[in-house]
There are 2 protein chains.
Amino acid sequence: MKSVVLNTQKKLTLKEVARQLGVSTATISNAFNRPDQLSEALRARILSEAAALGYHGPSHAARSLRRGESDVIGVVLADSLSYNFSDPMANQLLKGIADVLVENKKQMLLLSSRGEAASQRAAESLPDGFIFYGAPDTSCFERIVRLGKPVVAVDFEQEAVRSVNIDNYQAAYTSAESVLKSTDGNICILGMRIIESDRVCRLTSQDILCSSQEISRQRLKGYLDAAANQNRNVSPDRIWHIPVNTPEKAEQAAREALTMTPRPRVLLCMSDVIALAALRVATQLDIRVPESLSVLGFDDIPAASQMQPALTTVCQQSAEKGRVAARMLFDESTDSVVLPTRFIQRASAQV
Amino acid sequence: MKSVVLNTQKKLTLKEVARQLGVSTATISNAFNRPDQLSEALRARILSEAAALGYHGPSHAARSLRRGESDVIGVVLADSLSYNFSDPMANQLLKGIADVLVENKKQMLLLSSRGEAASQRAAESLPDGFIFYGAPDTSCFERIVRLGKPVVAVDFEQEAVRSVNIDNYQAAYTSAESVLKSTDGNICILGMRIIESDRVCRLTSQDILCSSQEISRQRLKGYLDAAANQNRNVSPDRIWHIPVNTPEKAEQAAREALTMTPRPRVLLCMSDVIALAALRVATQLDIRVPESLSVLGFDDIPAASQMQPALTTVCQQSAEKGRVAARMLFDESTDSVVLPTRFIQRASAQV
DNA sequence: TTGAAAGCGTTACCAA
DNA sequence: TTGGTAACGCTTTCAA
């Protein structure tokens, strides 16, 4: 990359500034890093003259090589950055993390655990600590954990790494129970990433058997147990797999579900993005909510309460998750935590 | 920060690995950075043995000190990171930037131009280039520009710095013209950050006079000119200032506007966030859109087309803005560009 | 294909 | 309060 030449005739280093100001390098360094090590007057003079010279502070690379710290925290996202920026939950999480990083004077480097190996690996040694959001690529995760720096896992669990989670099973069970208790009729379940497939489709009885710790599986189990508890069976062909949590895919699944016969009376959705899509499809199909259809969401994203009708859902404070995770990075004595969730009853499903 | 001790008895450096594997440091370095400089077999052996030893690649700090490049790009946001994560336009922009950075094997460091000076300044020398989103704090901007590294400005203009913009005046003028042409009656304008105030309020005639290059001012001028062109005057007390582009503040302003007498027949909103809030308030007040009220937005965020009724608005491809800006960083021969916008007619305002 | 050695720009120790 | 100086871990040139 070419660079604009300004008042710089040669590379301006701390050493050079020291020479020009007639003081030692240590003094310049102290002026920038340890105000208490020199007189206020001298420091002021150095700072202003350095700026006049065009020197705006020590090189980050040299500084962090020498100190062994970069003041940068890496946030490793399970999916591509691109995807995460359009996911409301990820945004809330990042927001929470950002708040705490600012408080602690750290900067935020965004990484993806699916990132192209070679190019990203070089950057992995930069941060002083890591927050992983969502179950990452295993090799990436292990590599980073081996660095021996503080690591916090959000929304998944791994031995020897502290984590921030919610009880997905319990939250799903409780919310579904509340809704089902007061609403008879057929049930459909819409969830993201239940199986390995990149298309919207229904499950098979085989798919149900597989159990795992993944979020979607936990929620599925919660919904199914709540239904079973009322002697209501949900057959696999009434459960939709949605490959990615986007409005487009969700609408497709919702349309399939709401046009099947017999039509469902209750839609249990594993995310608000899905539930909101379902509400839109219901409107298009002239199905009245909650009179003819109850819709349950999960997450409580900002749009959930703004929707008409407002969405009944489970609130998980994603920003708070981010804050807690970031604080764990700075306080190594904190243990893993399971954050509480709250069932929020609004208009889309009466209780 | 304490660190977990694993199979590491002492600090594992490239040099140490070289010693243990019985080869030179240059060879190890080449194994990681220049595959063509040694035999495939040797490289494979080195990589695997190094990993076994617990060495996962060169230190970023040392590497970037030596090379003078970090492979990190800084994205400097005008507001706090926290705010940007809840702004749909910012998310789209970041998404676009992320796509191009991944292609070019760069990592993304998030900075705020309002960030606490001291803590952030140290990190400012890390990136190889910068994208500024939104008019930044002047001192931060100047400091970074002086670094002499590639810089691209998005949504504002500054001498000597290439930028990516849209024509806010024109877009506002054209869209307002289309809507006003077919709809008589009173007009209200709702915009964010028109004046310096942290409360929702109406403008005064004095406020109108001040002109600036800021986005909101440009859009305001566009709306006012389009109205004037039809001999329709919009008095200052029919123009609302909203301090921050959030649904809450926007709803407050929309409620004030929609309950005033005489009630407006047209609402020109400077963002979709505001326009969508207005649509919700209209629903609450039983005002029919578009029969009794036309609402015009700006941005075309994803939620705009999902709303009932769908929002008539101006599409500015924010993700594309991000992509273009990022590409400019890597191709210094590109000049500033003004991206086109498109008027999108949907249900909230008939044309 | 490999080895030796010279910095890259700082910080922090120790002495003055 | 200040100044010299030895690392920090790596890349790259040059010679073998």
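Remember, it's a predicted structure, so these values are computed and weren't measured experimentally. Convention: sequence-line order gives letters A, B, ...; per-chain numbering from 1.
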Between B:F141 and B:F156, does the ring centroid distance fall short of 6.0 Å? yes

Measure the distance from CD on A:Q20 to P on C:dG9 and round it to the nearest whole Å. 15 Å

Results of salt bridge (charged side-chain N to carboxylate O under 4.0 Å, His left out) for A:E320 - residues two or more places apart only: A:R323

Looking at B:Y133, I'd like to know if the NZ or CZ of B:R114 sits under 6.0 Å from its six-membered ring centre while staying within 45 degrees of the ring's axis. no

Measure the distance from NZ on B:K15 to P on C:dT2 and round it to the nearest whole Å. 20 Å

Are any of A:S24's side-chain N or O atoms less than 4.0 Å away from OP1 or OP2 of D:dG3? yes

Atom CD1 of B:I46 and atom C1' of C:dT1: how far apart are they, to the nearest Å? 11 Å

Closer than 3.5 angstrom, by distance alone: can the side chain of A:N84 be matched with the main-chain N or O of A:S80 as a donor-acceptor pair? yes

For every nucleotide of nucleotides 11-16 of chain D, 5' to 3': is a protein heavy atom under 4.0 Å from its base (B), only from its sugar-phosphate (S), or from neither (-)? BB----

Evaluate the criterion side-chain contact (heavy atoms from CB on, under 4.5 Å) for residue pair A:K106 and A:V72; output intermediate values, then yes/no. CA-CA 5 Å; A:K106 302 294 181 209; A:V72 167; over 6 Å; no

Could you give the CZ-to-C1' distance, from A:R19 to D:dG4, as a whole number of Å? 17 Å

Rounded to whole Å, how long is the line connecting atom CD of B:E40 with atom C1' of C:dT1? 14 Å

Of the options D:dG4, D:dG9, C:dG3, whose atoms approach the side-chain atoms of B:V23 most closely? C:dG3

Rounding to a whole Å, what distance do you find between A:E124:CD and D:dG9:P? 19 Å

Over all strands shown, is A:L65 touching base, sugar-phosphate only, or nothing at heavy-atom distances under 4.0 angstrom? base

Quick one: salt bridge (charged side-chain N to carboxylate O under 4.0 Å, His left out) partners of B:R34, sequence neighbours excluded? none

Geometric cation-pi criterion B:R162 and B:F330, 6.0 Å radius, 45° cone: no

Inter-end axis angle, the helix from C:dT1-D:dA16 to C:dA16-D:dT1, with every axis fitted to five base pairs (rounded, 10 degrees): 30°

What integer distance in Å separates A:L126:CG from D:dC10:P? 14 Å

Take the protein atom CD of A:E69 and the nucleotide atom P of C:dT10, then report the distance between them rounded to whole Å. 18 Å

Which residues share a salt bridge (charged side-chain N to carboxylate O under 4.0 Å, His left out) with A:R143, sequence neighbours left out: A:E124

Output side-chain donor-acceptor pairs under 3.5 Å for residues 36-44 of chain A, partner residues at least two apart or in another chain, one line each.
residue, atom, partner, partner atom, Å
A:S39, OG, A:L42, N, 3.1
A:R43, NH1, A:A31, O, 2.3

